[in-house]
Number of protein chains: 2
Amino acid sequence: MSAINARNTHPLIRKLETVFPLSDEERKAILALPIDQRVIEAHQDIVREGDRPSRSFVIADGVACAFKMTGEGKRQILAFHITGDMPDLQSLHLQTLDISIGTITACKVGFIQHEDLQRLCERQARVAAALWRETLIYAAMFREWITNIGRRQALGRAAHFMCEYIVRARAMGLVEDYSCELPITQEELSDAMGLSIVHVNRVLQELRKLGLINLESRHLTVLDWTGSRKSETSTRDTSTCRRRPRSVTPLRQTAARTDEQRAAHEPLRPSAIPETALGQVGILHSLKNAAAGESSFVSSAPPIS
Amino acid sequence: MSAINARNTHPLIRKLETVFPLSDEERKAILALPIDQRVIEAHQDIVREGDRPSRSFVIADGVACAFKMTGEGKRQILAFHITGDMPDLQSLHLQTLDISIGTITACKVGFIQHEDLQRLCERQARVAAALWRETLIYAAMFREWITNIGRRQALGRAAHFMCEYIVRARAMGLVEDYSCELPITQEELSDAMGLSIVHVNRVLQELRKLGLINLESRHLTVLDWTGSRKSETSTRDTSTCRRRPRSVTPLRQTAARTDEQRAAHEPLRPSAIPETALGQVGILHSLKNAAAGESSFVSSAPPIS
DNA sequence: CGTCAACTTGAAGGTTATCAAGGCATGTGG
DNA sequence: CCACATGCCTTGATAACCTTCAAGTTGACG
């Protein structure tokens, strides 16, 4: 809310400018898009699996989520969407939606007709590319999400989630001092992380006890971003990796963070501490890549003091 | 192998034609792409997390996988890629790779320079859209994968996986009578499904015991696709869904399969049996949506007798 | 002051991981 | 042709992690 109305710009422009600065012409073209703005109250579905929307939408304010239901009636939340996101941008090319999107908090939502977007894309090639890129970034987030759920246990999973969320919020300027609104209930968190509510509750308490996060009245603060309390780098031992013995470097991820990449983001780089702590290795790395291929994603956000 | 060499066409053309028929001009443009074909042996990385490739590649034959490594050295496989796939197409717009891609079997791989692809996209708008769509389909697969790992337990997870794999293979014409090659070890399966090897082994045996699949010497057959052994539709009861009580229709997925969609795919439609059986509800539904928005994805494959 | 949603806690049981060992096929060199 | 190694699959026992059930607490709000 606050930060958003402060900068009174078109959410789409803000979003795209986290990638590259727009030309006047491009900006004008976006501002010319007919937008149908609405407020949708909390806990409502905006679109549903199986719909064939003729328009997409931007979230101008609030938090929404994309989810699927299992045949058994279990819900899996796939992503939380914040200001500037276009959660169903894919429907521009994929007619039938494979996900539902619902609000978490009340949301200000701007609907844009597909035809208008299509026309914009035809005329402004760079904008088209930026939108494509946007969908690719979502895909990268999904990959991160899979890895988190598939290969980390509850504590690390929650820690990772918090980091990821705050990095994303930061890119939209919603973070100050590693601190942001997190208007998401534990039930919703559990559906996002593939855990039970009860266990999420316990894990969050554990994170608090470890002095890693502060989470109260829907406000999240990451206390130990840099991983000052590292519990030894010992886990980073080759012997840990039983799998894939033929591979040249099983712990490839470590190697993948080149010095160049490291240097570019020093202030935000989490340390190489093991799963149990915040500041998890993979997070920024992937998100950063995903976001901009480059530094722009992170560095376009206001610097953390 | 067999089926691929039989139809001796450009893998990219075959792939794109699962979406819509190409014009002669488009076909010519694709055939004119300079491609660097190579054979890469099994269990080798093709590209790695952190790389900044200047080219993408098509898999002309064989199976590869996209994966990430955790800080702890655990591997999560995100997708298996078969003939016709372009696993790192995203690198066309996202400079730094957030995943590694390695071969499972020996692969015939065709590398295409980004500049050439870019030029193709500029000149053939429909091809550009098709490629964009291709990346969107991958994203839909990732979403399906998240749901599978996050909200299903081992047996259903494995069942779902088998269905998904065979549907994908089928779209490339690699399936006959619900039967295809599955040259993937249990270890690799475990990294894909977020389980331990031991447990994957047990779950596969369970599926065999239930008479749902046949899996030996790297050949998979789905025996009970239609779910003839349904164990009552009883799970489809509203009371099952404790979560999200405010939502209008919690079991939205059911409703989402409209009659129209149903009719279009009757022969392949899995029944609405619970998690424990193959022919899991979500699979075709999402994949189908993801794939074509329409029927084309599935129906372009040779019909199952 | 009562209600409701969200959060919290304890106890019990189920699913899945881990450890350890054995089996079976394939391939290689002597 | 046999000994040996290697990769993959299999099995049993034990323990850890997480879910479920059941109940209680807290805070916001009318």
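All chains are named by letter (A, B, ...) in the order of the sequence lines, taking the proteins before the strands, and each is independently numbered beginning at 1. Bear in mind the structure is a predicted one, so any value in this text is a computation, not a measurement.
Scored by the side chain to side chain donor-acceptor pair (under 3.5 Å) test, D85(B) finds K15(B), H81(B), Y138(B), R168(B) as partners (sequence neighbours excluded). In this structure, R208(A) has no side chain to side chain donor-acceptor pair (under 3.5 Å) partners at least two apart in sequence or on a different chain. For N201(B), the side chain to side chain donor-acceptor pair (under 3.5 Å) criterion is met by Q186(B), Q205(B), not counting sequence neighbours.
In this structure, of dA17(C), dC8(D), dA6(C), it is dC8(D) that holds the atom nearest to the side chain of H43(B). Comparing atom distances between the K74(B) side chain and each of dT19(D), dT20(D), dT18(C) picks out dT18(C) as nearest.
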Applying side-chain contact (heavy atoms from CB on, under 4.5 Å), run through L215(A) and L182(A) and close with a yes or a no. CA-CA 8 Å; L215(A) 177 56; L182(A) 188 79; 4.0 Å; yes
Between E187(A) and S190(A), does a side chain to side chain donor-acceptor pair (under 3.5 Å) hold up when you go through it step by step? CA-CA 5 Å; E187(A) 180 170 20; S190(A) 76; over 6 Å; no
Applying side-chain contact (heavy atoms from CB on, under 4.5 Å) to K68(B) and D98(B), what does each step give before you reach the verdict? CA-CA 8 Å; K68(B) 275 177 176 258; D98(B) 66 316; 4.0 Å; yes
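If you take CZ of R151(B) and P of dT15(C), they are 16 Å apart, rounded to a whole angstrom. Rounded to a whole Å, the CD atom of E187(B) is 14 Å from the P atom of dA17(C). Whole-Å rounding puts the D191(A) CG to dT19(D) P distance at 11 Å. Rounded to whole Å, atom C1' of dT19(D) lies 14 Å from atom CE of M193(A). Rounded to whole angstrom, the span from the NE2 atom of H219(A) across to the P atom of dA6(C) amounts to 20 Å. Look at CG on L195(A): it is 10 Å from C1' on dT19(D), rounded to the nearest Å.
Ion pairing between R151(B) and D191(A) holds under the 4.0 Å rule for side-chain N and carboxylate O. Ion pair D45(B)/R48(B) flagged as a salt bridge, since at least one NZ, NE, NH1 or NH2 atom sits closer than 4.0 Å to an Asp/Glu carboxylate oxygen.
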Report all interatomic pairs (protein N or O, nucleotide N or O of nucleotides 25-28 of chain D) with separations under 3.5 Å.
none

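Side chains of T103(B) and H43(B): a donor-acceptor N/O pair is absent below 3.5 angstrom, by distance only.
For the helix from dC1(C)-dG30(D) to dG30(C)-dC1(D), the terminal axes (five pairs an end, C1' atoms, rotation from four pairs onto the next four) enclose an angle of 30°, given to 10 degrees.
Using cut-offs of 30° and 60° on the angle between ring planes, the pair F80(A) and F161(A) is perpendicular.
Rounding to the nearest 0.5 angstrom, the gap separating the CD1 atom in I184(A) from the OG1 atom in T105(A) is 9.0 Å.
Proximity of R218(B) to the phosphate of dC9(D): a side-chain N or O atom is located under 4.0 Å from OP1 or OP2.
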Could you write nucleotides 10-17 of chain D as a row of B, S and -, 5' to 3', where a protein heavy atom under 4.0 Å of any base atom gives B, of only sugar-phosphate atoms gives S, and otherwise -? BBBB---S
